Amino acid sequence: MSTNVLRTADGWWVARDARAVRIDTKAVTTAELLADRTTVRDAADSGDPGTPVADLVALSPVTTPCRVVAQMVNYRSHARDSGFTGDIPPAFFRKASGSVSGPHESIVRPQHVKFLDYEIELGLVMGASLRVGTVVEERDLPAYVAGLVITNDVSAREVQLTKTQFYESKSYPTFTPTGPYLALLEPEDFAHLLDLRLKLSVNGDLRQDRTLADMIVRPAQALTLLARFQALAPGDLLLTGTPGGTALKAPPKAVEKIGSLLPPAMKWKAFFKSQAKNPHYLRHGDVVTGTIATPDGRIDLGEQRTPVTDAN
């Protein structure tokens with residue numbers, strides 16, 4: 001069974017049901033904690049009654065500092081929403097490490113962003129170095145991946161689309177809420193990854209709901225493809241794509257064909273004029289809730305709950 005770890009400003013904790021036991025470690029970074037797994041197991045096995053999880057305020061991100069890499073269009077349902085047909089070549093992009101925020105911190109919308117979107121994603125936390133040229137088979141995953149986290153790949157869509165700029169559009173501070181739990185996996189847990197169900201709601205309205213079986217490129221293959229050019233270190237984070245259900249969707253084919261005939265500035269002006277009628281983009285006061293778990297609870301990454309606020 002997986003072991004759920006929490007982080008606060010003053011330390012690390014193992015979560016056991018509704019209570020948490022402090023881990024006796026000097027680890028400051030996620031990588032240091034992963035190198036000190038014995039103390040994690042000791043806390044998980046101790047008779048300490050612990051502290052109510054509800055009393056642990058100001059939960060911190062469980063994956064900082066870290067390199068953040070993400071997969072693009074990696075669920076069939078998202079590909080359909082985005083208007084893709086046929087084979088989709090695997091693609092990756094980077095996010096700024098400074099975009100990582102806590103599981104209950106506010107998502108802050110920059111003043112110039114009108115079309116703020118959500119993307120729940122399963123995050124893989126590396127437990128060992130992935131060297132360039134590494135080939136990762138399914139059986140090798142436990143040797144490279146230490147655990148899993150809930151992430152939200154928050155996106156400024158007008159920046160992403162008009163500038164074709166993924167790095168900026170997804171890297172503003174608070175644009176990668178992470179946690180609450182870092183679920184440290186045992187080797188036998190990896191056989192259950194495809195049972196994980198990702199759910200995201202906004203103000204209680206369910207927007208995204210898919211299992212990993214909807215993935216196009218699964219974790220072992222993703223790490224192999226990434227390792228063609230990118231090394232990763234313990235504690236680094238790979239976001240593995242989002243299911244369908246985001247606010248942004250491709251326009252109907254007929255509209256898309258007409259738009260392709262227009263000058264770019266006119267095309268985007270018309271597109272975002274139509275998007276302004278879409279009520280699903282995030283606004284000040286919205287609350288985004290995300291969960292990832294297997295049906296039997298063997299792996300449960302907790303609940304991420306993030307309000308949306310406007311930048312001052």
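In this text, all values refer to a predicted model and were calculated from it rather than measured experimentally.
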SB check Arg207 Asp205 (cutoff 4.0 Å): yes
May I ask you to check whether over 12 heavy atoms, not counting those of Asp17, lie within 6.0 Å of atom CG? no
Distance col, row Arg157:CZ vs Tyr281:OH, nearest 0.5 angstrom, shows 7.0 Å
Mark yes or no for whether Ser97, through its side chain, and Cys66, through its backbone, hold a donor-acceptor pair below 3.5 Å. yes
List the steps, then state whether side-chain contact (heavy atoms from CB on, under 4.5 Å) holds for Thr289 with Glu303. CA-CA 7 Å; Thr289 304; Glu303 181 181 87; 3.6 Å; yes
Answer yes or no: is there an ion pair linking Glu32 with Arg7, defined by an N-O contact shorter than 4.0 Å? no
Donor-acceptor under 3.5 Å (Asp48 side chain, Val21 main chain): no
Going by salt bridge (Lys or Arg N to Asp or Glu O under 4.0 Å), name the residues that satisfy it together with Asp153, two or more places apart in sequence or in a different chain. Lys95, Lys170
Go through the side-chain N and O atoms of Thr25 and Asp36 and say whether any donor and acceptor fall under 3.5 Å apart. yes
Look only at the side chain of Arg76 and the backbone of Met215, and say whether a donor-acceptor pair between them is shorter than 3.5 Å. yes
For Ala213, is there any backbone N or O sitting under 3.5 Å from a side-chain donor or acceptor partner on Thr211? yes
Rounding to 0.5 Å, atoms OG (Ser101) and CD (Gln304) come to a distance of 7.5 Å
Using modelled atom types only, decide if a donor and an acceptor are shared between the side chain of Glu105 and the backbone of Thr306 within a distance under 3.5 Å. no
Under 3.5 Å: donor-acceptor pair, side chain of Asn4, backbone of Tyr181: no
Hey, which of Val40, Thr51, Leu59 is the one that makes side-chain contact (heavy atoms from CB on, under 4.5 Å) with Trp13? Thr51
What side chain to side chain donor-acceptor pair (under 3.5 Å) pairs are there with at least one residue in residues 191-203, not counting sequence neighbours? Arg197-Asp209, Asn203-Asp286
Residues forming a ring-ring contact (aromatic ring centres under 6.0 Å, His included) with Phe166, sequence neighbours excluded: Phe93
Is the side chain of Thr30 donor-acceptor paired with the backbone N or O of Val62 at a distance under 3.5 Å, no angle test? yes
Please list, chain by chain and in numerical order, all residues satisfying salt bridge (Lys or Arg N to Asp or Glu O under 4.0 Å) with Glu121, sequence neighbours excluded. none
Hey, are Gln221 and Arg218 close enough side-chain-wise for a donor-acceptor pair under 3.5 Å? no
Measure from the side-chain N and O atoms of Asp81 to the backbone N and O of Gly244, and report whether any donor-acceptor pair falls under 3.5 Å. no
Roughly how far, to the nearest 0.5 Å, is the CG atom of Leu33 from the OG1 atom of Thr39? 6.0 Å
Which pairs, with at least one residue in residues 234-248 and sequence neighbours excluded, count as a side chain to side chain donor-acceptor pair (under 3.5 Å)? Arg67-Asp236, Gln208-Thr242
Under a 3.5 Å distance rule, please check whether Asn278 uses its side chain to pair with a backbone N or O of Gln275 as donor and acceptor. no
Taking only residues two or more places apart in sequence or in another chain, which ones pass salt bridge (Lys or Arg N to Asp or Glu O under 4.0 Å) with Asp214? Arg210
How far does CG of Asp300 sit from OG1 of Thr294, to the nearest 0.5 angstrom? 7.0 Å
Could you grab the distance from atom CZ of Arg19 to atom CG of Leu56, nearest 0.5 Å is fine? 10.0 Å
Between Thr174 (side chain only) and Val108 (backbone N and O only), is there a donor and an acceptor less than 3.5 Å apart? yes
Heavy atoms from other residues, nucleotides or ligands near CG of Asp10 exceed 12 (cutoff 6.0 Å): yes
Nearest-0.5 Å distance that lies between atom CG in Leu226 and atom CG in Leu130: 6.5 Å
Would you indicate whether the side-chain heavy atoms of Tyr144 and Thr134 approach each other to under 4.5 Å? yes
